[in-house]
Amino acid sequence: MIKGIKGVKDILPEETPRWRLIEETARRWALAYGFHEIRVPIFEVTALFARSIGASTDIVEKEMYTFQDRDGSSLTLRPEGTAGTVRAYIEHNRAADPLPQKYFYTGPMFRHERPQAGRLRQFHQFGVESFGTADPRADVEVIALLWRLLSDLKLPALTLEINNLGYAADRDAYRPQLVAYLKQQEEHLCGNCRRRIEANPLRVLDCKVPTCRVATDSAPRLADSLSDKARAHFGSVLTGLDTVGIPYSLNHRLVRGLDYYGLTTFEVTSTSLGAQNAVGAGGRYDSLVETLGGPMTPAVGFAVGLERMAMMLPETLSVSGAATVYVAGFGDRGSPAGFSALEELRVAGIRAVTDFRSASLKSHLRQADRLGCKFTLIIGDDEVTTGLATFRNMDTKVQQEVSLVTLISQVSALLQSS
RNA sequence: GUGGGUGUAGCUCAGUUGGUUAGAGCGCCGGAUUGUGGAUCCGGAGGUCGCGGGUUCGAAACCCGUCAUCCACCCCA
């Protein structure tokens, strides 16, 4: 038997209603905040991701699905959505358009990781990107959108954490201080963090190993090395969040895994998720557009993991066949009459189903019951003779006759009045 | 890439220190009711015990390998 690829899951009909709820909620909120949908390819030239995400990040170093095109060029299945969106923004010269450039996207992403709870090789994200606005209110707007949509879905135990990464120059000034401190503490750090001292010292602050946390508790803080401009920006973001009533907690250890973030960075986690507890995250990336060859363009955005949101939604959310009419056509004459009535109902916009395998009224009713249909239209040979079909309410068992000639108007009326 | 858990019917799982023909619940099909669903009762179908090798008179069980899957590390949405 050919099986699906490791870490790549089917979303079966039982689960798609909750997915639709998530996607529709996200879309509705994004539109409410003035974002417009963009659809970009799921694969791009490899260099795009290497340059934007950062060559030394785990994603680029070991998690990308990269392959050769027939002409030998290197292509990659997108590991996240920002790079492609920025590429499209530059390629179509959207910067020349005076309107606010605020996009949202949704779709599959690909990372070659070991699967576990809440982590797949093909997973789905919804994300937004706001281009061209350096104003801290753009940060607030994006965070507010994220918080509103998660709250709307009533996802449990959410926390919004936020941090200020400052400008690149701020981090450059801070890094030697941190490295010097970490070298003193080296014996208390885990092997991973020892390696990170040179490669990516900021990440040591984000380590979950308890001894590392203790060792870095009194480390010099990035916050103390920030420029006035960076402080002012962050201060305005926090004030803005207070103004619109979004609860947050400061986390000076919060460091995002993608290289392009600067200034504001944030993450929403849930304690109901397991080890992979981030539902969504984002931040400001003012230099990315320029890095990728576009004009200087400030930008801020976030992405949420749809699988992780789906995990938090109650299982009870399921399909309802309540408004559906089951057509039970049986017998030599009833069967074709039922088939034609079925089509009539559908053409009239009434949701109608049947089971062509069922030949007796009994088995039809059983199927109607299983499908959760509230009504069954019974058409046997007798009904064809009299020209009157039987319309049965499955809950009350009340049956009434409807003329096959005026079927649609009568059924519509009965559905309306129920 | 590393570590641990689990692989038995469509699903969830039992299966005793290794012992005859591998079980249950749910689901499915049929009947009790030949034009009226759900409930109940009766009957039935459905298994290479993940795969390969080994130990043994005998393996679902023990050993080795392998694959799959889940969880965790790492990292991230």
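Values in this document were obtained by computation on a predicted structure and should not be read as measured data. In what follows, every chain begins at residue 1, and chains take the letters A, B, ... in the order their sequences are listed.
- Contact check, A:Gln116 against B:C73: a side-chain N or O comes under 4.0 Å of OP1 or OP2.
- In this structure the side chain of A:Tyr285 reaches within 4.5 angstrom of the side chain of A:Glu129, judged on heavy atoms.
- Straight-line distance between the C1' atoms of B:U40 and B:U33: roughly 13 Å, to the nearest whole Å.
- For B:C76, the base has a donor-acceptor partner in the side chain of A:Arg308 [N/O atoms by modelled type, under 3.5 angstrom].
- Using a 4.0 Å cut-off between charged side-chain N and carboxylate O, A:Lys102 and A:Glu141 make a salt bridge.
- Closest approach to the A:Arg370 side chain among B:C76, B:G35, B:C28 is made by B:C28 (side chain taken as heavy atoms from C-beta onward).
- Taking a 6.0 Å sphere around CZ of A:Arg28, one finds it holds more than 12 heavy atoms contributed by other residues, nucleotides or ligands.
- Taking atom CD1 of A:Ile379 as the reference point, atom P of B:U36 lies 18 Å away to the nearest angstrom.
- In the set B:G38, B:G35, B:A68, B:G35 carries the atom at the smallest distance from any side-chain atom of A:Glu383.
- Between A:Tyr65 and A:His112, the ring centre distance stays below 6.0 Å.
- Closest to the side chain of A:Arg119, from the set B:G35, B:C76, B:C74, is B:C74.
- You'll find that the side chain of A:Ile378 is closest to B:U36, out of B:U36, B:G37, B:G1.
- Across all strands shown, A:Ala368 has no heavy atoms under 4.0 Å from either base or sugar-phosphate atoms.
- Put simply, A:Phe330 does not rest on the base of B:G35: the two rings are not both less than 5.5 Å apart at their centres and under 30° in tilt.
- Comparing B:A77, B:U36, B:A68 by their closest approach to the side chain of A:Leu361 singles out B:U36.
- If you check B:U36, B:U2, B:A77 against the side chain of A:Arg392, the one that comes closest is B:U36.
- Checking B:C71, B:G37, B:C73 against the side-chain heavy atoms of A:Asp369 singles out B:G37 as nearest.
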